[in-house]
Amino acid sequence: MIEDFSQLATVAIMTAAILLFLFIVWNLIVRSRRSRGFKSGEALEQIMDARIEKGEKPAAIISEQIEEKVKEILKIEGKILEREIDFATGPGGSLEIWIEGTCYKEIDEIPHEDIRTAVKKAVDEFNR
């Protein structure tokens with residue numbers, strides 16, 4: 001049992017030192033895990049060019065970002081965007097690709113090769 005003030009102070013200092021040590025170790029572990037994963041600014045950079053236009057179907061911001069990337073790829077490749085393209089979020093969070101009012105739930109279902117290729121490329125770039 002603690003008999004005087006000096007023993008109490010020693011126990012308090014040792015407890016504080018142990019807690020400080022544990023906090024530092026915990027902080028290092030958390031930082032290490034974060035550095036291996038997504039960096040805070042990365043998510044914002046990936047969705048910066050997403051545009052939600054009037055009349056579009058409801059979609060997750062990531063779907064909107066991929067939609068914008070598809071349109072950018074088609075434009076860069078000199079493809080005139082003659083078809084209306086809209087990405088939406090379906091039941092359970094699935095991706096729906098609407099082209100001229102027809103919904104495609106799989107990229108390989110898209111009958112237009114140029115759009116199908118652009119979607120695959122946009123998804124690949126997004127997942128890097």
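Any value given below was found using the heavy atoms of this structure, including those in side chains, with hydrogens, waters and symmetry copies removed. Residues take their numbers from the sequence shown, with the count starting at 1.
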Measuring only between side-chain heavy atoms, which start at C-beta, is Phe126 closer than 4.5 Å to Gln65? yes
Could you check if a side-chain atom of Arg116 sits within less than 4.5 angstrom of a side-chain atom of Glu106, using non-hydrogen atoms only? no
If you link ILVMFWY side chains whenever their heavy atoms are less than 4.5 Å apart, which other residues fall into the same cluster as Ile24? By chain and number, please. Leu20, Leu28
If the condition is side chain to side chain contact (heavy atoms under 4.5 Å, CB included), which residues does Phe23 pass it with, not counting sequence neighbours? Trp26, Asn27
For Thr15, give me all partners under side chain to side chain donor-acceptor pair (under 3.5 Å), at least two apart in sequence or on another chain. none
Set of residues satisfying side chain to side chain contact (heavy atoms under 4.5 Å, CB included) with respect to Leu95, sequence neighbours excluded: Ser63, Phe87, Ile97
Check whether any side-chain heavy atom of Thr117 lies under 4.5 Å from a side-chain heavy atom of Ile73, and answer yes or no. no
Which residues share a salt bridge (Lys or Arg N to Asp or Glu O under 4.0 Å) with Lys75, sequence neighbours left out: none
Name all residues meeting the side chain to side chain contact (heavy atoms under 4.5 Å, CB included) criterion together with Asp124; count only those two or more places apart in sequence or in a different chain, and write none if there are none. none
Checking Pro91 now: which residues fulfil side chain to side chain contact (heavy atoms under 4.5 Å, CB included) with it, not counting sequence neighbours? Ser94, Glu96
Does the side chain of Glu84 come within less than 4.5 Å of Ile99's, by heavy atoms? no
Show your reasoning for whether salt bridge (charged side-chain N to carboxylate O under 4.0 Å, His left out) applies to Glu109 and Lys105. CA-CA 7 Å; Glu109 293 176 356; Lys105 296 182 187 271; over 6 Å; no
Sorted by chain and number, sequence neighbours left out, side chain to side chain donor-acceptor pair (under 3.5 Å) with Lys120 holds for Asp108
Drop me the distance from Glu67's CD to Glu72's CD, to the nearest 0.5 angstrom. 13.0 Å
Derivation of the side-chain contact (heavy atoms from CB on, under 4.5 Å) call for Ile85 and Leu74: CA-CA 11 Å; Ile85 299 174; Leu74 290 171; 4.0 Å; yes
